[in-house]
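Remarks on the structure that follows.
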Amino acid sequence: MSRDRSSDESTPIERGPNPPEPAGDGDSRFSLPFGPRWAVARRELGSLRSEKTIVLALAIQLVIAAFSSFLVVGLVSLYDPSSVGDSDNRVAITGADEADIERLSQLASEQDGLKPTAAESRADAFAAFDEGQVAAVLEVTRDADGRLVVDATVPDGGLETTLLIVQLQELLETLEHEERLANADALEAPPLDVPDEVGASPYLEFTYTILVPLLLFLPVFISGSIVVDSLIEERSRGTLELLRVSPLSLVDVADAKLLTIAALAPVQAVAWLLLLAFNETVIAAPAALIVLVAALALAVTAAGAGVALVAPDRRQAQLAYSGGIVGALVLSTLLPEHPANTVAKFAIGSATATTWLSLATYCLVAVGGYLVVRRGIGRLAADSL
Amino acid sequence: MSDETDQNPDRRSRCHRLRGALARTARISRWEVSRSAGTVDRKTVLVLAALALVVGLVGVSAAGEGVGLEDEIYVVAVDEDSRYHDVAVESEAFRPIPLDELVVESGDEANADVVVTRNGELARYGPHGAAAHDAFVEAIDAYNEERFRQEANETAAYPVHVELDYQERNFDGETEQGGRDGSSNGDSDGGTGTGPAENGTGDDSTADGTDGEGSGDGSGDAADGDTDGTDRNDGTSDDGDGRLQVPNIGGAGGAVDGTVGPPGSISPPFPFQSLLLAFLFVVPMNFVIQAYGSTIMDERVKRRGELLLVSPASRREIVAGKTLPYLLGLVAVAVGITVAVRGGLLSVAAAIPIALLFLAATFAGAMLARSYKELTFVTVTISVFLTTYTFIPAVFTDVNPIALISPLTLIVTDLQGESVSLGEYVFSTAPFYCSAAVCFLLGIGVYREEDMFAQKALPAKVLDAIASRLHGYRSVAVLTALFIPFVFAGQLLAVALLFAVPEQLAVPLVIVLAAAIEEVAKSVHVYAGFVRSRFEASLRVAAVLGVCSGAGFFVGEKLTHVVQFVGLPELTVGAAAFGPELSGDPLLAAAVFLAPLVLHVVTAVISAIGASRSRIDYALTVVLATLVHAIYNLGVIALVA
């Protein structure tokens, strides 16, 4: 904001777009109804550009998206036995009853990644475990009720153990399923048949329910934060007072700032959607999503402008703003449909009547909120700022 | 600080001065608090408190029910009479439509993702069909589980009972996992010794097996014993409702969970809950630094800070005074969270360095930012970066010792009821303490009239901040050594981020990155010194500066042998960044010991000569120095391997 300070002493009439344009052009500019506001808007964008904050903003959003993706991909591959290659885990199976051992061995040999070995005795099995010849020892017994009790001994800690347990769990669940089918007579209702999975990408749900909403909401929150900062800064540096001496009213100034910065959000949203499309993520209703982002951005920036003009200084304003955002996100779980869920449904293409109704409501709330804030600004006394 | 010359070494006057400094710091702190409190009236506080209460209540209830992010994202066409209809109704992710309403368009497009045909088979349509299919299979699983849970005949419903025993194995040089397992994991150790022998009877009952485990835990520590005790009750009395509903997050112990029960309930040792609770410690920091950044920035707007600058208080006192309330606030919050989640002293001790670094980075950022908008992005960047840096390694707490690069890992460990050694605490937190100190030092360097109130470009201010610390050759060496924590953190970050990448790719990348980070750290202040005319731009001066910087780095780098406390060099990737351990005969050891000195001096001189000429020369020589450094590192690793 060096320009503001350097021109603090100059007469206010000279304030305008920077660098100043030729005089002849200036007159026609101010004769247009949106001319002066356009000047404020351009200055706002100019300061964003010169400080490279918008670059930083985009980078931050990318990092957050990458961070969440990293977490999910990392966690999924942590539990994915195929991620360690095709080396089989050898498992020693021991127990009291030969038939049970035989059954478990049979199941284990059918499962990928596990290789059962028969142990002569219990002691042999644990000796093999201690020497590292087998990765785990399974001990099968039956308790008094006739239930199978499997005592699994696995190495302590490490990535391999995590995978081993996932594999063992799969094996034991198969065993459980067989046992249950055998018990079907004793059950009130037999279990439903479970079809085989087709091995779809485990990331699809994450992409639509977390990543897309995240990428679309972040620009909205950032826009709100910029409005808060921009207005508070004008107040702190005393330049808002100078702007008020110009042909613009306070409402016009706030209007121009608010609308310019709110418009940044849908633009970024378009960029993210293009990026997703480039990564072959199909977005079913991009237009609806853009409208949703625009509506939310208008509502959030209007709220931000209100906060910035009421709060005593930046600390309170930013805390109130970010606290408000967090609060709003939490409270929105009370809605029939969480905004993130609305985004997910539009993106994946299963929008319902509720989804469209939510979109319409957000648009109405946004315009209503904007008008209310605009009125509020109009009533603000000049001295209160 | 040089402006406080020590002319009168009299002890009393020193005491007096110290008291004066403390009094001024305390006064500034008081102002800071009263000024913040003064701007908020009582009504606002009440409204905010009421709002926070409502939000908290809703948040708690929402956390219990789930946020519903994936509600009805798939459509399933299923006949109302089908047995699978109930599955679709109960599952949140599916919206059922009657089979009659199914419209199949040309190709594999339809108005449903999955279709349950009349003979009970699954068909899938559209781009999301496969994912919806798998989700539906999972929903059927969940539906079955729910039915079993309500089953009267529990033996028939849960015919298999699993017990997981973790046993430590020591063979073929696989060392114990640091001091952590050896010292604190009493339970697993006890298990190894007694497990097989105790269970030697061959057909022991359920109760016996768990007994052995329970007692082992009890001797380890109270918290573990507790959770295991409840687990055992659940398992044997077959009342397991509470645990079954949340198989992954139940219980307070985190990793000890899921060791006894039906196959569906056992889970790998992943400290999910401890991780979430540890994350709680970081959340408030993100909010506090916003306020802290604002108050520092406020001083710079309209020259408000000038009044404090002309007061008798030194800049260090001003900064300390302004920082203290926020630091104390964060410590209080950390203590509060620790009490709430029943952590130990370690949690607080690990949270303090994180809080310090958050504040220090924000302070430096606020000193450099040109406007509030820029400050917002600087604080958000700090938030994102530090949260990532602390959180990602902590995910691997039980998996890999490198997780210790984040103090958050200490908190996770503490919440799991385990303890850490002093060496591990130092390894984990020392980089944070040092980085925080350097950030504050650099920030205080520009806490002066000509930098605070001027609008300079960011790189210029960074150079100012660094150059303000340069006084003579010795300071160059000291500054290089001071940068080591950043080098350390940067290299650790590179290792942590790249350890998931295949090793063939990760090792060369880490070598080059590590070399580049070191070279920049050794030369950036030399460059600042030349640009700000602290030194004469001659070849001789450049050579001397290079030698100083290289030697300073060598001394500092020896400190990184703290790394060996946790045996980090045993990771292949770790070795690439920090160099192999010293070993062998004394002569070789001496050569190995001194070789890095030669390397650091040579590369530092190369970049110093570039720095003395121009910016482009500087950039080129840094690249050259990085190459030399990387080749040297490769050579050493090849020699040792």
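Lettering follows sequence order; numbering is per chain, from 1.
In this structure, chain A has heavy atoms under 4.5 Å from both the backbone and the side chain of B:Asp134. Of the atoms belonging to A:Ile226, heavy atoms from both backbone and side chain fall under 4.5 Å from chain B. Contacts of A:Ser236 with chain B are made by both backbone and side-chain atoms, with heavy-atom separations under 4.5 Å. With a 4.5 angstrom heavy-atom cutoff, A:Thr352 touches chain B only via side-chain atoms. Proximity to chain A is absent for every atom of B:Asn286, based on heavy atoms less than 4.5 angstrom apart. Looking at B:Tyr74, both its backbone and its side chain come within 4.5 Å of chain A, counting heavy atoms on both sides. For chain A, the nearby parts of B:Val162 are the backbone and the side chain; heavy atoms of each come within less than 4.5 Å. Both the backbone and the side chain of B:Arg83 come within contact range of chain A, with heavy atoms under 4.5 Å apart. Heavy-atom distances place the side chain of B:Val87, and not its backbone, under 4.5 Å from chain A. Interface residue A:Ile232: backbone and side-chain heavy atoms are both found under 4.5 Å from chain B. In this structure, no portion of A:Leu138 lies under 4.5 Å from any heavy atom of chain B. For A:Ile348, the parts lying near chain B are the backbone and the side chain together; criterion is any non-hydrogen pair under 4.5 Å. For B:Leu122, the part sitting under 4.5 Å from any heavy atom of chain A is the side chain, from C-beta outward, and nothing else.
Of the listed residues (B:Glu121, B:Arg124, B:Gln150), the greatest number of heavy-atom pairs within a distance under 4.5 Å of chain A belongs to B:Arg124. Top candidate by heavy-atom pairs under 4.5 Å with chain B, chosen from A:Ser322, A:Ala340, A:Gly327, A:Pro339, is A:Ser322. Between chain B and the residues A:Val330, A:Thr333, A:Val343, A:Asp229, the largest count of heavy-atom pairs under 4.5 Å involves A:Asp229. Considering only heavy-atom pairs separated by less than 4.5 Å from chain B, the leading option among A:Leu172, A:Val228, A:Thr355, A:Thr342 is A:Leu172. When the candidates B:Asp298, B:Val137, B:Asn111 are compared by the number of heavy-atom contacts under 4.5 Å with chain A, B:Val137 comes out ahead.
With contacts defined as side-chain heavy-atom distances shorter than 4.5 Å, the pair B:Val58/A:Leu334 qualifies. For the pair B:Lys373/A:Glu44, a side-chain contact is recorded, criterion being any heavy-atom separation below 4.5 Å from C-beta on. Here the side chains of B:Glu70 and A:Phe206 are not in contact, with every heavy-atom distance at 4.5 Å or above. Considering only heavy atoms from C-beta on, B:Glu163 stays 4.5 Å or farther from A:Val150 through its side chain. For the pair A:Pro195/B:Ile140, a side-chain contact is recorded, criterion being any heavy-atom separation below 4.5 Å from C-beta on. Using a 4.5 Å heavy-atom cutoff, the side chains of A:Glu337 and B:Asp71 are not in contact.
The minimum heavy-atom distance linking B:Pro159 with A:Glu179 is given by the pair CG-CB, 3.3 Å. Between A:Ala351 and B:Arg95, the shortest heavy-atom distance links the atoms O-NH2, 4.3 Å. Closest approach of A:Glu233 to B:Ser371, counting heavy atoms only: OE1-CB, 3.2 Å.
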Checklist entry - Given the rule in the salt bridge (charged side-chain N to carboxylate O under 4.0 Å, His left out) test, do B:Glu72 and A:Lys345 qualify, once you have shown the distances and angles that lead to the verdict? => result CA-CA 8 Å; B:Glu72 298 188 356; A:Lys345 280 183 185 164; 3.7 Å; yes
Checklist entry - Hey, mind stepping through A:Thr153 and B:Tyr166 against side chain to side chain contact (heavy atoms under 4.5 Å, CB included) and telling me if it holds? => result CA-CA 6 Å; A:Thr153 307; B:Tyr166 293 103; over 6 Å; no
Checklist entry - Yes or no on side chain to side chain contact (heavy atoms under 4.5 Å, CB included) for B:Ile73 and A:Tyr208, after CA distance, side-chain angles and deciding distance? => result CA-CA 9 Å; B:Ile73 53 172; A:Tyr208 284 107; 5.7 Å; no
Next on the checklist: Show, in sequence, the C-alpha distance, side-chain angles and deciding distance for B:Leu69 and A:Ile210, and conclude whether the side chain to side chain contact (heavy atoms under 4.5 Å, CB included) test is met.
Outcome noted: CA-CA 8 Å; B:Leu69 289 182; A:Ile210 312 263; 3.9 Å; yes
Next on the checklist: Using the rule given for side chain to side chain donor-acceptor pair (under 3.5 Å), can you reason through B:Thr376 versus A:Arg314, listing the C-alpha separation, both sets of side-chain angles and the distance that settles it, and then say yes or no?
Outcome noted: CA-CA 10 Å; B:Thr376 296; A:Arg314 178 182 183 267; 2.9 Å; yes
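Annotation: the span from A:Glu205 atom CD to B:His128 atom NE2 amounts to 11.5 Å, rounded to 0.5 Å.
Within the cation-pi definition used here (under 6.0 Å to the ring centroid, within 45° of the axis), A:Arg147 does not qualify as a partner of B:Tyr158. No cation-pi contact links A:Arg237 to B:Tyr372, judged by a cut-off of 6.0 Å to the six-membered ring centre and 45° from its axis.
Between the side chains of B:Ser294 and A:Arg315, no donor-acceptor pair is found at a separation under 3.5 Å.
With a 6.0 Å radius and a threshold of 12 heavy atoms from other residues, nucleotides or ligands, B:Glu92 has its CD atom at or below the threshold.
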